[in-house]
Amino acid sequence: MPVIKAGAFDLEYSDTGAGPAVVLVHSSASGHRQWRRLVETLQTRYRLIAVNLFGYGKTSSWPNTRPLSAADQVELVAAAAALAPEPVALVGHSLGGAVVLEAAAKLSNRVRVLVVFEPILFGHLKEHGPVSAYDEIASVGSRYNALAQSGDWSAAGEWFVDYWAAPGTWAAMPDERKRSTIAMLPAVVHEWDMATIGIRPLEGWRAIAAPVHLIHAADTRAPTRAIVTLLAERYPNWLLHEVPSGGHMAPLARPDLVNPLIVAAIDRTNH
């Protein structure tokens, strides 16, 4: 995969197809390959640029000189968007959802449409509630960080994957996939901070000029459901879509449900 400079950092990305550009941003403990099915669907009509965020693939790790912020991740997305001469579509899931929201706010007219699946804006829960949803995700983050600090990455992987997918998911994974997931887990330590203290206030998304499509799963976790509710209430002009199943990981678990919504949103801006 090609690697370019994004400021002082290396950025690895894939670049497939031709046409109006779409920049794809992955979830935590995933990487740009999570978009393989969507790329296969769109590559005959669009140019798909899928990035690896800090700590994934050959993209530089976050140097840990200070807490990571969404704005830091946006420097990577901006470098990818600059590969295209025209305004880009941005698509993000979970961690990537939080990053593309910040990217759309910062890049303004360089973004033609924004598609977001359950962004992990945990700081909004801390500020606006509900308290139970924030307490739940804070407990998940605290346990994860404790396991990471102890160096027990297998236990950290099980805790993380089984929370976001379903109990028993980690145990059922092939050993090779477990090893590849464990290699990505150190980056997640920084992402908890980003999602909690490294995002703009809820009102700050008014800086986004592009149309926004917000997607969620009916059976998602309470914290991500609450974040989507906060965003939908504060921004009634955003288009809200629901898939019936797949949970927070529906873009990976049920691409048959999620990808058609993404495709329709992107196509809508090109007609």
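What you see is a predicted model; the values in this text were computed from it and never measured.
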Would the distance check show the side chain of [X] and the main-chain N or O of [Y] forming a donor-acceptor pair, the cut-off being under 3.5 Å?
| X | Y | value |
| --- | --- | --- |
| T59 | G55 | no |
| S28 | V188 | no |
| Y235 | W205 | yes |
| T229 | R225 | yes |
| N52 | K58 | no |
| E118 | A217 | yes |
| R143 | F160 | no |
| R112 | A21 | yes |
| T196 | D193 | no |

Q. With a 4.0 Å cut-off, would you call D256 and R37 a salt bridge?
A.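 R37 and D256: not salt-bridged.
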Would you call [X] and [Y] a side-chain contact if the rule is heavy atoms closer than 4.5 Å?
| X | Y | value |
| --- | --- | --- |
| V23 | V51 | yes |
| P87 | N109 | no |
| V243 | R254 | no |
| R36 | R33 | no |
| L11 | K5 | no |
| V22 | V88 | no |
| H190 | D72 | no |
| H241 | H216 | no |

Point-to-point distance, once rounded to the nearest 0.5 Å, from [atom1] of [X] to [atom2] of [Y]:
| X | Y | atom1 | atom2 | value |
| --- | --- | --- | --- | --- |
| I199 | L202 | CD1 | CG | 8.5 Å |
| M184 | R179 | CE | CZ | 13.0 Å |
| I4 | D15 | CD1 | CG | 9.5 Å |

Extract all donor-acceptor atom pairs below 3.5 Å that involve side chains of residues 125-142 and protein atoms in other chains or at least two apart in sequence.
| residue | atom | partner | partner atom | Å |
| --- | --- | --- | --- | --- |
| E136 | OE2 | Y163 | OH | 2.6 |

key: ring pair (Phe, Tyr, Trp, His ring centres under 6.0 Å), paired with H26, selected from W35, Y56, F117   =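 For H26, the ring pair (Phe, Tyr, Trp, His ring centres under 6.0 Å) test succeeds with only one of W35, Y56, F117, which is Y56.
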If the condition is side-chain contact (heavy atoms from CB on, under 4.5 Å), which residues does A78 pass it with, not counting sequence neighbours?
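For A78, the residues satisfying side-chain contact (heavy atoms from CB on, under 4.5 Å) (neighbours in sequence not counted) are L107.
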Per-pair distances, 0.1 Å, donor-acceptor, side chain in residues 92-104, under 3.5 Å, sequence neighbours excluded:
| residue | atom | partner | partner atom | Å |
| --- | --- | --- | --- | --- |
| H93 | ND1 | Q34 | NE2 | 3.3 |
| H93 | NE2 | H248 | O | 2.8 |
| S94 | OG | H248 | NE2 | 2.7 |
| E102 | OE1 | R200 | NE | 2.8 |
| E102 | OE2 | R200 | NH2 | 2.9 |

Quiz item: So, for W192 and F122, is the gap between ring centers shorter than 6.0 Å?
Solution: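 Yes; F122 has its ring centre under 6.0 Å from that of W192.
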query = Take atom CD in E176; do more than 12 heavy atoms of anything else shown fall under 6.0 Å from it?
reply =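 No, not enclosed.
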Can you see whether Q43 engages T16 through a side-chain donor-acceptor pair at a distance of less than 3.5 angstrom?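 Distance-only check fails for Q43 and T16.
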